Amino acid sequence: MSATTPQAVPTLPGAPTSSPTAAARTRLGDAIAAEWIKLWSLRSTWWYLGGSAAVVVLTSLLESGDGDPTTPDALTPVLGAVSYFVQYILAVFGIVAITGEIATRSITVTMACTPRRTWIMAAKAIIVGAVVLGASLLVTGGGLLLTAARLGELSLVDGTQAETALAASVYLALLAVFSLGLATLVRRTAGALAVMLLLLLLVPELLRMASERFDAPWINTVGDWTPSPIGWRLMEGEWADGLALLAWAGAAVVAAIWVLRRRDA
(Lines give C-alpha, C1' and ligand atoms only; values in the text may rest on other atoms or scores of the structure.)
Protein backbone atom coordinates (compact mmCIF):
# COMPACT_ATOMS: atom_id res chain seq x y z
CA MET A 1 0.00 0.00 0.00
CA SER A 2 1.19 3.49 -0.69
CA ALA A 3 0.22 6.57 1.22
CA THR A 4 -1.77 9.09 -0.72
CA THR A 5 -0.36 12.55 -0.96
CA PRO A 6 -2.86 15.28 -0.04
CA GLN A 7 -3.62 17.51 -2.95
CA ALA A 8 -3.55 21.28 -2.53
CA VAL A 9 -6.93 22.90 -3.01
CA PRO A 10 -6.67 25.42 -5.83
CA THR A 11 -7.69 28.98 -5.10
CA LEU A 12 -10.37 30.25 -7.40
CA PRO A 13 -9.73 33.56 -9.13
CA GLY A 14 -11.30 36.41 -7.20
CA ALA A 15 -11.78 34.34 -4.04
CA PRO A 16 -11.12 36.24 -0.80
CA THR A 17 -7.87 35.47 0.97
CA SER A 18 -7.14 35.83 4.65
CA SER A 19 -4.10 37.57 6.05
CA PRO A 20 -2.54 37.43 9.51
CA THR A 21 -3.43 41.08 10.01
CA ALA A 22 -7.10 40.50 9.17
CA ALA A 23 -7.20 37.46 11.44
CA ALA A 24 -5.65 39.46 14.27
CA ARG A 25 -8.24 42.16 13.86
CA THR A 26 -11.03 39.58 13.92
CA ARG A 27 -9.74 37.85 17.04
CA LEU A 28 -9.22 41.13 18.87
CA GLY A 29 -12.76 42.12 17.88
CA ASP A 30 -14.02 38.81 19.27
CA ALA A 31 -12.16 39.46 22.52
CA ILE A 32 -13.70 42.93 22.79
CA ALA A 33 -17.17 41.52 22.13
CA ALA A 34 -16.64 38.82 24.75
CA GLU A 35 -15.52 41.36 27.36
CA TRP A 36 -18.54 43.53 26.56
CA ILE A 37 -20.91 40.60 27.13
CA LYS A 38 -19.15 39.51 30.31
CA LEU A 39 -19.15 42.99 31.79
CA TRP A 40 -22.86 43.62 31.25
CA SER A 41 -23.80 40.14 32.46
CA LEU A 42 -22.43 40.95 35.93
CA ARG A 43 -24.80 42.46 38.47
CA SER A 44 -21.87 44.32 40.03
CA THR A 45 -21.56 46.42 36.86
CA TRP A 46 -25.05 47.78 37.38
CA TRP A 47 -24.38 48.35 41.07
CA TYR A 48 -21.20 50.36 40.48
CA LEU A 49 -22.58 52.46 37.64
CA GLY A 50 -25.94 52.89 39.33
CA GLY A 51 -24.24 53.82 42.59
CA SER A 52 -22.20 56.49 40.83
CA ALA A 53 -25.35 57.95 39.30
CA ALA A 54 -27.16 57.86 42.64
CA VAL A 55 -24.34 59.73 44.38
CA VAL A 56 -24.33 62.49 41.77
CA VAL A 57 -28.12 62.80 41.86
CA LEU A 58 -28.17 62.99 45.66
CA THR A 59 -25.45 65.63 45.84
CA SER A 60 -27.21 67.59 43.11
CA LEU A 61 -30.49 67.51 45.06
CA LEU A 62 -28.75 68.52 48.28
CA GLU A 63 -26.92 71.50 46.77
CA SER A 64 -28.41 74.70 48.16
CA GLY A 65 -26.56 77.25 46.03
CA ASP A 66 -25.57 80.75 47.14
CA GLY A 67 -28.90 82.41 46.40
CA ASP A 68 -27.48 84.50 43.57
CA PRO A 69 -29.11 83.44 40.27
CA THR A 70 -26.36 85.19 38.29
CA THR A 71 -23.61 83.03 39.81
CA PRO A 72 -23.48 79.49 38.39
CA ASP A 73 -23.35 76.82 41.12
CA ALA A 74 -24.46 73.81 39.11
CA LEU A 75 -20.97 72.34 38.77
CA THR A 76 -20.19 72.41 42.49
CA PRO A 77 -22.08 69.24 43.52
CA VAL A 78 -21.00 67.37 40.40
CA LEU A 79 -17.29 67.98 40.97
CA GLY A 80 -17.74 67.34 44.68
CA ALA A 81 -19.36 63.98 43.98
CA VAL A 82 -16.62 63.06 41.50
CA SER A 83 -13.74 63.97 43.81
CA TYR A 84 -15.13 62.59 47.07
CA PHE A 85 -17.14 59.55 46.00
CA VAL A 86 -17.47 58.62 42.34
CA GLN A 87 -13.77 58.29 41.55
CA TYR A 88 -13.41 55.61 44.24
CA ILE A 89 -16.53 53.75 43.11
CA LEU A 90 -15.34 53.58 39.51
CA ALA A 91 -11.79 52.75 40.55
CA VAL A 92 -13.18 49.67 42.31
CA PHE A 93 -15.20 48.94 39.17
CA GLY A 94 -11.96 48.82 37.19
CA ILE A 95 -10.33 46.63 39.84
CA VAL A 96 -13.05 43.96 40.00
CA ALA A 97 -13.21 43.77 36.20
CA ILE A 98 -10.11 41.55 36.45
CA THR A 99 -9.86 40.40 40.08
CA GLY A 100 -13.36 38.92 39.94
CA GLU A 101 -12.24 36.60 37.16
CA ILE A 102 -8.99 35.77 38.94
CA ALA A 103 -10.78 34.96 42.21
CA THR A 104 -13.31 32.63 40.56
CA ARG A 105 -10.71 31.12 38.21
CA SER A 106 -12.91 31.98 35.25
CA ILE A 107 -9.86 33.78 33.86
CA THR A 108 -8.63 30.33 32.76
CA VAL A 109 -11.64 30.04 30.45
CA THR A 110 -10.93 33.50 29.07
CA MET A 111 -7.32 32.53 28.36
CA ALA A 112 -8.38 29.26 26.76
CA CYS A 113 -10.74 31.10 24.42
CA THR A 114 -8.23 33.89 23.73
CA PRO A 115 -4.69 32.46 23.95
CA ARG A 116 -3.10 35.82 23.11
CA ARG A 117 -3.07 37.45 26.54
CA THR A 118 -2.19 40.81 25.04
CA TRP A 119 -5.61 40.84 23.40
CA ILE A 120 -7.29 39.92 26.67
CA MET A 121 -5.79 42.90 28.47
CA ALA A 122 -6.30 45.25 25.54
CA ALA A 123 -9.95 44.22 25.22
CA LYS A 124 -10.58 44.69 28.94
CA ALA A 125 -8.94 48.13 28.91
CA ILE A 126 -10.96 49.23 25.87
CA ILE A 127 -14.27 48.04 27.30
CA VAL A 128 -13.69 49.35 30.84
CA GLY A 129 -12.54 52.73 29.53
CA ALA A 130 -15.39 53.04 27.05
CA VAL A 131 -18.08 51.99 29.53
CA VAL A 132 -16.84 54.31 32.27
CA LEU A 133 -16.45 57.21 29.82
CA GLY A 134 -19.97 56.77 28.48
CA ALA A 135 -21.52 56.31 31.91
CA SER A 136 -19.59 59.27 33.33
CA LEU A 137 -20.73 61.54 30.51
CA LEU A 138 -24.34 60.65 31.28
CA VAL A 139 -23.85 61.00 35.04
CA THR A 140 -21.89 64.27 35.08
CA GLY A 141 -23.93 65.84 32.29
CA GLY A 142 -27.18 64.76 33.90
CA GLY A 143 -26.04 66.01 37.30
CA LEU A 144 -25.08 69.36 35.81
CA LEU A 145 -28.46 69.81 34.12
CA LEU A 146 -30.38 68.56 37.17
CA THR A 147 -28.64 71.00 39.51
CA ALA A 148 -28.96 73.86 37.05
CA ALA A 149 -32.68 73.22 36.62
CA ARG A 150 -33.28 72.98 40.35
CA LEU A 151 -31.36 76.21 41.04
CA GLY A 152 -32.87 78.05 38.07
CA GLU A 153 -29.52 78.28 36.29
CA LEU A 154 -30.23 76.48 33.04
CA SER A 155 -29.61 79.69 31.12
CA LEU A 156 -26.15 79.90 32.72
CA VAL A 157 -25.02 76.47 31.53
CA ASP A 158 -22.42 77.10 28.84
CA GLY A 159 -19.62 75.41 26.97
CA THR A 160 -17.15 75.92 29.80
CA GLN A 161 -19.27 73.93 32.24
CA ALA A 162 -19.90 71.24 29.64
CA GLU A 163 -16.14 71.04 29.03
CA THR A 164 -15.54 70.58 32.76
CA ALA A 165 -18.07 67.74 32.85
CA LEU A 166 -16.31 66.17 29.87
CA ALA A 167 -12.93 66.52 31.58
CA ALA A 168 -14.31 64.85 34.72
CA SER A 169 -15.58 61.95 32.59
CA VAL A 170 -12.20 61.53 30.89
CA TYR A 171 -10.51 61.53 34.29
CA LEU A 172 -12.82 58.83 35.61
CA ALA A 173 -12.34 56.66 32.50
CA LEU A 174 -8.54 56.85 32.64
CA LEU A 175 -8.59 56.21 36.38
CA ALA A 176 -10.69 53.06 35.85
CA VAL A 177 -8.27 51.79 33.19
CA PHE A 178 -5.33 52.50 35.50
CA SER A 179 -7.11 50.58 38.27
CA LEU A 180 -7.63 47.67 35.90
CA GLY A 181 -3.92 47.50 35.10
CA LEU A 182 -2.92 47.87 38.74
CA ALA A 183 -5.33 45.13 39.83
CA THR A 184 -3.85 42.78 37.23
CA LEU A 185 -0.45 43.28 38.83
CA VAL A 186 -1.71 42.85 42.41
CA ARG A 187 -4.29 40.10 41.60
CA ARG A 188 -6.34 40.74 44.74
CA THR A 189 -9.25 43.16 45.14
CA ALA A 190 -8.31 44.22 48.67
CA GLY A 191 -4.65 44.72 47.80
CA ALA A 192 -5.37 46.71 44.66
CA LEU A 193 -7.91 48.87 46.49
CA ALA A 194 -5.39 49.57 49.26
CA VAL A 195 -2.78 50.68 46.73
CA MET A 196 -5.31 52.87 44.94
CA LEU A 197 -6.39 54.59 48.16
CA LEU A 198 -2.76 55.18 49.10
CA LEU A 199 -2.02 56.64 45.70
CA LEU A 200 -5.10 58.85 45.52
CA LEU A 201 -5.32 60.01 49.13
CA LEU A 202 -2.10 59.57 51.08
CA VAL A 203 0.78 59.82 48.63
CA PRO A 204 0.12 63.43 47.47
CA GLU A 205 -0.39 64.61 51.06
CA LEU A 206 2.65 62.75 52.40
CA LEU A 207 4.83 64.16 49.65
CA ARG A 208 3.56 67.67 50.40
CA MET A 209 4.39 67.25 54.08
CA ALA A 210 7.83 65.86 53.24
CA SER A 211 8.43 68.81 50.93
CA GLU A 212 7.69 71.24 53.76
CA ARG A 213 9.67 69.24 56.32
CA PHE A 214 12.84 68.99 54.27
CA ASP A 215 12.40 72.28 52.38
CA ALA A 216 12.48 70.42 49.07
CA PRO A 217 9.90 71.81 46.61
CA TRP A 218 10.73 69.12 44.07
CA ILE A 219 9.12 66.50 46.35
CA ASN A 220 5.85 68.39 46.20
CA THR A 221 6.22 68.58 42.43
CA VAL A 222 6.41 64.79 42.31
CA GLY A 223 3.17 64.62 44.27
CA ASP A 224 1.52 67.01 41.82
CA TRP A 225 1.98 64.42 39.08
CA THR A 226 0.15 61.60 40.83
CA PRO A 227 -3.30 60.73 39.41
CA SER A 228 -5.53 62.69 41.81
CA PRO A 229 -3.86 66.13 41.43
CA ILE A 230 -3.62 65.58 37.68
CA GLY A 231 -7.35 64.86 37.63
CA TRP A 232 -8.12 68.11 39.41
CA ARG A 233 -6.03 70.11 36.96
CA LEU A 234 -7.71 68.30 34.08
CA MET A 235 -11.13 69.31 35.42
CA GLU A 236 -9.87 72.87 35.74
CA GLY A 237 -9.25 72.96 32.00
CA GLU A 238 -5.58 71.96 31.77
CA TRP A 239 -6.08 69.35 29.08
CA ALA A 240 -2.36 68.97 28.40
CA ASP A 241 -1.92 67.52 31.88
CA GLY A 242 -4.37 64.82 30.89
CA LEU A 243 -1.56 63.30 28.83
CA ALA A 244 0.22 62.51 32.10
CA LEU A 245 -2.86 60.67 33.32
CA LEU A 246 -3.00 58.83 30.00
CA ALA A 247 0.63 57.84 30.59
CA TRP A 248 -0.28 56.46 34.04
CA ALA A 249 -3.08 54.37 32.54
CA GLY A 250 -0.98 53.24 29.58
CA ALA A 251 1.96 52.24 31.79
CA ALA A 252 -0.33 50.22 34.06
CA VAL A 253 -1.88 48.37 31.11
CA VAL A 254 1.51 47.67 29.48
CA ALA A 255 2.90 46.36 32.78
CA ALA A 256 -0.23 44.24 33.20
CA ILE A 257 0.22 42.75 29.72
CA TRP A 258 3.87 41.95 30.49
CA VAL A 259 2.96 40.21 33.75
CA LEU A 260 -0.08 38.43 32.32
CA ARG A 261 2.04 36.92 29.54
CA ARG A 262 4.62 35.58 31.99
CA ARG A 263 2.45 34.38 34.85
CA ASP A 264 -0.03 31.54 35.18
CA ALA A 265 -3.68 32.36 35.70
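Just so it is clear, the model here is predicted, and its values are computed rather than measured. Heavy atoms only: backbone and side chains are in, while hydrogens, waters and symmetry mates are out.
Two residues are said to be in side-chain contact when any heavy atoms from C-beta on lie closer than 4.5 Å; T114 and R27 fail this criterion. Residues L197 and Y88 have side chains in contact (heavy-atom distance under 4.5 Å, counting atoms from C-beta outward). In this structure the side chain of I127 never reaches within 4.5 angstrom of the side chain of K38, judged on heavy atoms. No side-chain heavy atom of V86 sits less than 4.5 Å from a side-chain heavy atom of V139. Between P227 and L245 the shortest side-chain heavy-atom distance falls below 4.5 Å.
Taking every heavy atom of both residues into account, I230 and D241 meet most closely at CG2-O, 3.2 Å. Contact between A135 and L49 at its shortest, heavy atoms only, is CB-CD2, 4.0 Å. Between M235 and V82 the shortest heavy-atom distance is SD-CG1, 4.1 Å. Of all non-hydrogen atoms in A168 and T140, the two that sit nearest each other are CB-CG2, 4.4 Å. The nearest pair of heavy atoms linking S60 to G143 is OG-O, 3.5 Å. Of all heavy-atom pairs spanning I102 and R187, the tightest one is CG2-O, 4.0 Å.
Note on L145: it does not cluster hydrophobically with L58, by side-chain heavy-atom contacts below 4.5 Å among ILVMFWY residues. Note on L137: it clusters hydrophobically with V170, by side-chain heavy-atom contacts below 4.5 Å among ILVMFWY residues. Linking Ile, Leu, Val, Met, Phe, Trp and Tyr whenever their side-chain heavy atoms come within less than 4.5 Å leaves L138 and L133 in two separate clusters. In this structure, I120 is not a member of the same hydrophobic cluster as V254, with clusters built from ILVMFWY side-chain heavy atoms closer than 4.5 Å. A continuous path of ILVMFWY side-chain contacts below 4.5 Å connects L201 to L174, so both sit in one hydrophobic cluster.
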Chi angles and distances behind the side chain to side chain contact (heavy atoms under 4.5 Å, CB included) call for V56, F85: CA-CA 9 Å; V56 173; F85 304 107; over 6 Å; no
Applying side chain to side chain contact (heavy atoms under 4.5 Å, CB included) to V55 and Y84, what does each step give before you reach the verdict? CA-CA 10 Å; V55 167; Y84 293 112; over 6 Å; no
Might you work through the side chain to side chain contact (heavy atoms under 4.5 Å, CB included) test for V128 and E35, ending with a clear yes or no? CA-CA 9 Å; V128 167; E35 292 300 328; over 6 Å; no
Test side-chain hydrogen bond (donor to acceptor under 3.5 Å, both in side chains) on S136 and S169 and set out the steps. CA-CA 5 Å; S136 299; S169 301; 4.9 Å; no
CA sep, side-chain torsions, deciding dist, call: L90, S52, side chain to side chain contact (heavy atoms under 4.5 Å, CB included): CA-CA 8 Å; L90 295 181; S52 300; 3.5 Å; yes
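In this structure, OG1 on T99 lies 9.5 Å from CZ on R188, to the nearest 0.5 angstrom. To the nearest 0.5 Å, atom CG of residue L42 and atom CD of residue E101 are 8.0 Å apart. For the atom pair CD1 of I98 and CG of L185, the computed distance is 10.5 Å after rounding to the nearest 0.5 Å. Here W258 contributes atom CH2 and T118 contributes atom OG1; the two are 13.0 Å apart, rounded to the nearest 0.5 Å.
Between R208 and E205 there is a salt bridge, since a side-chain N of the basic residue sits under 4.0 Å from a carboxylate O of the acidic one.
Annotation: side-chain hydrogen bond (donor to acceptor under 3.5 Å, both in side chains) contacts of R116 (sequence neighbours excluded): none.
The backbone N or O of T160 lies less than 3.5 Å from a partner atom in the side chain of T164, making a donor-acceptor pair.
For the pair R233 and W225, the cation sits on the ring face: its NZ or CZ lies under 6.0 Å from the ring centre, inside 45° of the axis.
Within a 6.0 Å sphere centred on CH2 of W47, heavy atoms belonging to other residues, nucleotides or ligands number 12 at most.
For the residue pair S106 and T104, a side-chain donor N or O sits within less than 3.5 Å of a side-chain acceptor on the partner.
Residue pairs meeting the ring pair (Phe, Tyr, Trp, His ring centres under 6.0 Å) criterion with at least one member in residues 171-208, sequence neighbours excluded: F178-W248.
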